[in-house]
Amino acid sequence: MAVREAAASRWLRRFLWLLLLLWGCVSPADFLIVEMEGKNQTVLLNDNVTISCKVPGSTPLDTNIMGIIWYLKHQANETEHEVFVMYADIQKAFRPGASVSPAGLEKGDVSLHLPGVQLRDAGEYRCNVVVTPEEAQETVFLKVLASPECTLFPEQAMVKDDGDKYILCKAYLFYPEDITITWHTWTQKNPQGQEISAVITTGPAIKNEDGTFNITSRVRLEHNVTTYQCVISHISLPTPYRLNFTQFRRGSEMGNAWWTINILNIAGYIAIPVAAAAIIGLIYCYKKR
C-alpha cells in the first residue's frame, strides 16, 4: 500500500509540472511571491490549525493554471514528503483531513488546514506555488505542544512504617519533556509563604506511547505547615498551574467529629419519643375499632 501511494505521489507530481510547463511554454520568472505569517507557528495537541500561505496581489488567480504542493520535513529524521497536492480539478491529501479552501484559492489564499493535530505533524512545512509560468515557495516550522493535566492528592507512606504522610503532585500527558515543579508552603509564623526543597522528591519524566510525558513530585507533610502549593510550569501554559492542599489541625478534626456525633445523638433523642408515640397511637386506634 505504501509503495503504491509513493508511486502515485511521484506520478501526480510529474503530471502537475508537465501540465504547467506545457501551458506556460516560457521560463519561470522571479516576481511571483508567497507570504507566510512568520517562520514559526505553535498549536496545541488535538487542536485544528491553519498554516497560512498567501499569494499577494489584487488580480484574481486562475486556478486552471495554478498548482500547489505542501511538503512536511520531520525534525527527527529530516525526511520530506508531500502533505497535499492540487492542480485544477486534481487534489490529493496524503495526510488525512489535509485541505486547502477552494473559496480562498481565487483570492490567492493557499493556506493548509490540518484537523486534530498530533505530535507527528510537527516539523517544517514548505508551501510551493506555481502560477504558470512562475514558481515561488516559503517555509514555516510548526511546533506542537501538549498542556499537562495536573492532580494533587495525599498518600500514606509505607516505607519503614514511620507514619509519615506525603502530598503527591502529578502532571500527565504533556509535551515537550521539559517541565518544572516547585513547592510552596504557608505557616502561621510565615503567612506570606516560601518555596521549599528539603522534603521534596521529584521523579524523572516517563514517556507515554503517544510521545507525551508524565511526572510525579511529592513532599513530606510537616506538623507546623498549614497549606502546601504545587506549582507546575510548562511552555504550553500561559501562566503556571497552581494546586493547593490545606492541612487541618487535629483539634479542628476532633471538633468536626464532636459535632457529627452530637447531631446523630440529638436525632436519636428526638426519634425515639416520636416512634413511641406513634406506636401507642396505633394500639389505641386498633382497640377502638
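Numbering of residues begins at 1 and proceeds along the displayed sequence. Note that the structure is a prediction, hence the values are computed from the model and not measured.
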- prompt: Does K39 pair with E138 as a salt bridge, N-O distance under 4.0 Å?
  reply: yes
task: Using a strict cut-off of less than 4.0 Å between a Lys/Arg side-chain nitrogen and an Asp/Glu carboxylate oxygen, indicate whether R126 and E80 qualify as a salt bridge.
output: yes
OH (Y175) with more than 12 external heavy atoms under 6.0 Å: no
query: Counting only heavy atoms not in E37, do more than 12 fall under 6.0 Å of its CD?
result: no
field: pair check: C169 + C230, SG-SG < 2.5 Å
entry: yes
Quick check: does any side chain N or O of [X] sit under 3.5 Å from a backbone N or O of [Y], one acting as donor and the other as acceptor?
| X | Y | answer |
| --- | --- | --- |
| N128 | I69 | no |
| N46 | Q118 | no |
| H234 | P176 | yes |

Can you measure from [atom1] ([X]) to [atom2] ([Y]) and round to the nearest 0.5 angstrom?
| X | Y | atom1 | atom2 | value |
| --- | --- | --- | --- | --- |
| L221 | Q247 | CG | CD | 5.0 Å |
| W183 | F245 | CH2 | CZ | 9.5 Å |
| L243 | K170 | CG | NZ | 13.5 Å |
| E124 | Y71 | CD | OH | 13.0 Å |

message: Could you tell me if K92 sits above the aromatic ring of F94, with its cationic atom closer than 6.0 Å to the ring centre and no more than 45 degrees from the axis?
response: yes
- request: Return yes if a side-chain donor-acceptor contact under 3.5 Å exists between T180 and S233, otherwise no.
  value: no
query: Please walk me through it: do L152 and L168 pass side chain to side chain contact (heavy atoms under 4.5 Å, CB included)?
result: CA-CA 6 Å; L152 187 69; L168 297 185; over 6 Å; no
message: Pair F174, I179 - check side chain to side chain contact (heavy atoms under 4.5 Å, CB included), show working.
response: CA-CA 9 Å; F174 58 89; I179 194 169; 3.8 Å; yes
query: Which atom pair, heavy atoms only, marks the closest approach of V129 to V55?
result: CG1-CG2, 4.1 Å
